[in-house]
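These values consider heavy atoms only, across backbone and side chains, with no hydrogens, waters or symmetry-generated copies.
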Amino acid sequence: MTRKISYIFNGNATETEIEDHLTLLELIRDRLGQTGSKEGCGSGECGACTVIVDDQAVNACLYLAAEIDGKTVQTIEGLANPNGTLHPLQTAFIEHGGIQCGFCSPGMIMSSKALLDENPNPTEDEIKHALAGNMCRCTGYVQIFDSVKAVSAQDEQEIKAVAWKETQ
Amino acid sequence: MSDFAVIGKPIPKLDAIDKATGRVKYIQDIKLDGMLYGKILYSRYPHARIVKIDISKAKALPGVRAVITGEDVPPKMKLGFYKDNPPIKTGKVCSYRDEVAAVAATDLETAEKAISLIEVTYEALPGVFDPEEAMRKDAPLIHEKHRSNILKLPWKLHYGDVEAARNEAAFVVEDRYSCTWVTHCCMGTSGAIADFDYANNLTIQTNTQIPSLAQKDFLEALKAMGLTEKRVRVIKPCIGGGFGSKLDTYAYEHIAILLAWHTRKPVKIMFDREEEFKATSTRQPAIMNIAQGCDADGKLLFRDISMILDNGAYTSWGATTPSVMMMPITTLYRVPNVRFKAQCVYTNNTYAQAMRGYGNPQATFAIESSIETLARKAGIDSAEFRRINANQSGDVSPQKFRITSCGLNECIDRVQTQLDSNTSKEKGVGVGMASLIHVGGGARIYKSDGCGAIIKLDDFGKAVVFTGATDIGQGADNIVNQIVAEELGLLTQDVHVVHTDTDVCPWDVGAHASRTTFVAGNAALGAARKIKGQLTELAARVLESKPANICLRERVASDKTNSKKSIPIDKLLRKAHFSAGGQMLSSEYFYDPDNENMGKDFRGNLSMTYAFGAHGVRVRVDVETGKVKVLDYVAAHDVGRAINPLLLEGQVYGGVMMGIGYALTEQVICEKGEIMNPNFRDYKVLTAKDAVPITAPVIETIDADGPFGAKGIGEPGCVPTAPAIANAIYDAIGVRIKDLPITPEKVLTAIKERDEA
């Protein structure tokens, strides 16, 4: 069975004809050609495929593409301002050593964004909880926490000024 | 302390912006026009004769372009240094990960379907899964032509007189330690794309840590296929983690080559996570018997170690880990009499590869657990015991390792200070320590330990560096960049580093042995010095000064003796190019360190310098559940010089966390040769929730041979982690766990045994 779905993808109204069994990750990577979201395990254990659907961080490898009909999807490619300004989380991950091999980074950054959008000043435990589903083999997480904390410590207005939603 | 403009600065990873924005391409993200998808059929038995393979149904499936079996593999195409591993097996299979057939199809689903249609008839053979059982005369033979399961490898040394020293020792301890399989768990799984041009030259895009040596392996593969005088180009996409896993070439790469050859199309083989667990290699497991003794003052007199290593069914670098284990065995602390023997034994299990530390974490687990036990037996504080025996600059160890810069004592002091800062003696809480030595100035494993660098400057004051170094996420590109920028008076943003393509990058033996900062760094420095000579001469001419007076710094060439004389470097370069009789500024340099291959008795100065460190940990053990919680971790490392403190700390944090997993949670559960936990639910890599507070004091000893004084730091972070934790558990509850990982079950069993005793 196929169906047509309509959704907002990284700020752009989009329509795609899909098979019912297509996952959101397959849609993003194979149909839309956006390869920033990664497949690390294909079974929702590693979080490398994390994207944001209507403010919620989800594992795109487990999420059916059909479910995004009428919703808003944001991937790592849609996080920076189209004018080229990086999201503060991207800047923080770069500057604080939150990225080594980088394979987990898109998912890690998207999970961090979903966290900070909901809770701009998380405690260390709240950061750990929010990122528990995003595995990293390189960093020992220390500099990833540093990166998230660097943004959460910033002035809330400043973040909102550049946050993705406000730039659309 | 220093007057550097770029060295010592926490400059973010050069490719981090592309990684943070999702632009960077891993092998997962690469698709070529007309590309086919390859898939491999693995054995259903750990040990069996292959009676018959029927590929007719698979071949008939629409979309299938090729089906190959062992019959299609040239006999000379073999993998690994022991050449006992054909990429597809014929006759019999010796482990579950044995490749039996492979297909190429127009899409992945068709390839998977075709694999399921291949019918293989097996005749099961008795297997052997325990290396000690496999050593028995009546054990089933894995490779009949070898007539024994014990590999003929030379791992045996004896320096001094261990027996005599043992008789003299005031205190002796003797124990058996063991550690099981763990695996790299790179977040990006393995994959390769092979593609032939019409002249039969091969381009292969693959996840590798050894572009130049992989190129050699693939050239040999082509020769075995009858393709002589051909070129192989290895392109390394962005790599989603290495940790040693990409230090050998794998069957899947050779199968991709064969399929591409059969179909005349580019063929991609991409592992899923289950395949990554089942068909890539592990850290070398080990059974280790150790005895150590000291005199009444705590001076070590001897160390005597024998090991049995489960080689699995085939031989990759795991079987050579004893060559690195020798380093801590002969040279961690001053120990005059040393004996070591390791036997590698074929079984029907999976086979091991290189993994961060290359045998050192295993050996150090035994040595440092035993050191702690010995110190306690001698009644000496264990940190003091370590200081009594610590290596010192100027030492030559029994293996003839020459210790140059050495910050071991400072590392021990820093760890002790931090552990002593919290003296509250809570029940179930304990502290532990362990030290490490590792190669820090290259490692002459091959006849060469060299790396090349080529630099060219353009009209705009920018440099491009072509390096042999391989960045696998650790930041090799940054180190090369910072060294070149510093030497040429440029800024980080002026230096572009290319490290991805054997067609343009110079030769190197690979990202292993924590050698890249030292060896590739010195290569880059050598090339930069040559070009600096050209630049200063040019500047002297233009500024009417002497080359010796020219200073290059922050994009400007100036005369040290006359502040009015200066010229921007980019302008200087334009003058070089756009003038009659002009010159092009470029240079190349090949650096091969002055270290030594180990001789027949394994003596020889393997590395130009050695990295030292000490780790300390505070743990809480729940005696009801057996669960160990790491409360506080300190990892002090002698790094020579921190060229980039941000990335250096990242190496230590990541290494420590991998080491904590090794100590407490990680194990590939292999039952009768079958991997039972090929997923992240059941193979416990530590998550953000398990993260522990780590401090990483950096001890700078400014090594005389290192580039700007630096030594290697890639592996040391995970070397002493497990014994530090085991020692802390002993301190907390008085039980000694001698088998990794230290699971709650083992802790509870040990408590029960102690209480019953």
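Both the backbone and the side chain of A:A132 have a heavy atom closer than 4.5 Å to some heavy atom of chain B. Heavy atoms closer than 4.5 Å to chain A are found in both the backbone and the side chain of B:N679. At a 4.5 Å heavy-atom cutoff, the contact between B:V24 and chain A is made by backbone atoms alone. Residue B:E274 does not touch chain A at all, counting heavy-atom pairs closer than 4.5 Å. Looking at B:I17, both its backbone and its side chain come within 4.5 Å of chain A, counting heavy atoms on both sides. When heavy atoms are compared at a cutoff of 4.5 Å, A:F103 approaches chain B by way of both its backbone and its side chain. Contacts of A:I109 with chain B are made by side-chain atoms alone, with heavy-atom separations under 4.5 Å and no backbone atom involved.
Smallest separation of non-hydrogen atoms from A:L131 and A:V148: CD1-CG2, 4.3 Å.
For the options B:P10, B:A20, B:C238, B:P12, heavy-atom pairs under 4.5 Å to chain A are most numerous at B:A20. Of all the listed residues (B:K13, B:E649, B:R681), the one sharing the greatest number of non-hydrogen pairs under 4.5 Å with chain A is B:R681. If you tally non-hydrogen atom pairs under 4.5 Å between each of A:E77, A:E45, A:K128 and chain B, the highest count goes to A:E45. When B:G241, B:G717, B:G188 are compared by the number of non-hydrogen pairs under 4.5 Å with chain A, B:G188 comes out ahead. Among the candidates A:N134, A:T91, A:T139, A:L89, the residue making the largest number of heavy-atom pairs closer than 4.5 Å to chain B is A:T139. Here A:C101 is the residue among A:G47, A:C101, A:G36, A:G140 with the most heavy-atom pairs under 4.5 Å with chain B. Contacts with chain A were tallied for B:G473, B:G22, B:A16, B:A688; B:A688 has the most, counting heavy-atom pairs under 4.5 Å. Ranking B:Q28, B:M187, B:H184 against chain A, the residue ahead of the rest is B:M187, based on heavy-atom pairs under 4.5 Å.
With hydrogens and angles ignored, the 3.5 Å screen pairs no side-chain donor or acceptor of A:R3 with any backbone N or O of A:D20. Remark: the backbone N or O of B:L646 is paired with a side-chain donor or acceptor of A:Q143 at under 3.5 angstrom.
With salt bridges taken as basic N to acidic carboxylate O contacts below 4.0 Å, none links A:E39 and B:R273. B:K25 has no carboxylate O lying under 4.0 Å from a charged side-chain N of B:D29, or vice versa, which leaves the two without a salt bridge. Between A:R137 and B:E276 there is no salt bridge, since no side-chain N of the basic residue sits under 4.0 Å from a carboxylate O of the acidic one.
Rounded to the nearest 0.5 angstrom, A:C49 SG and A:L24 CG are separated by 8.5 Å. Interatomic distance, CD of B:Q209 versus CZ of B:F243, reported as 9.0 Å (0.5 Å rounding). The CG atom of A:L86 lies 5.0 Å from the CD1 atom of A:I94; values are rounded to the nearest 0.5 Å.
Applying the ring pair (Phe, Tyr, Trp, His ring centres under 6.0 Å) test between B:F277 and each of B:F271, B:W181, B:Y683 identifies B:Y683 as the sole match.
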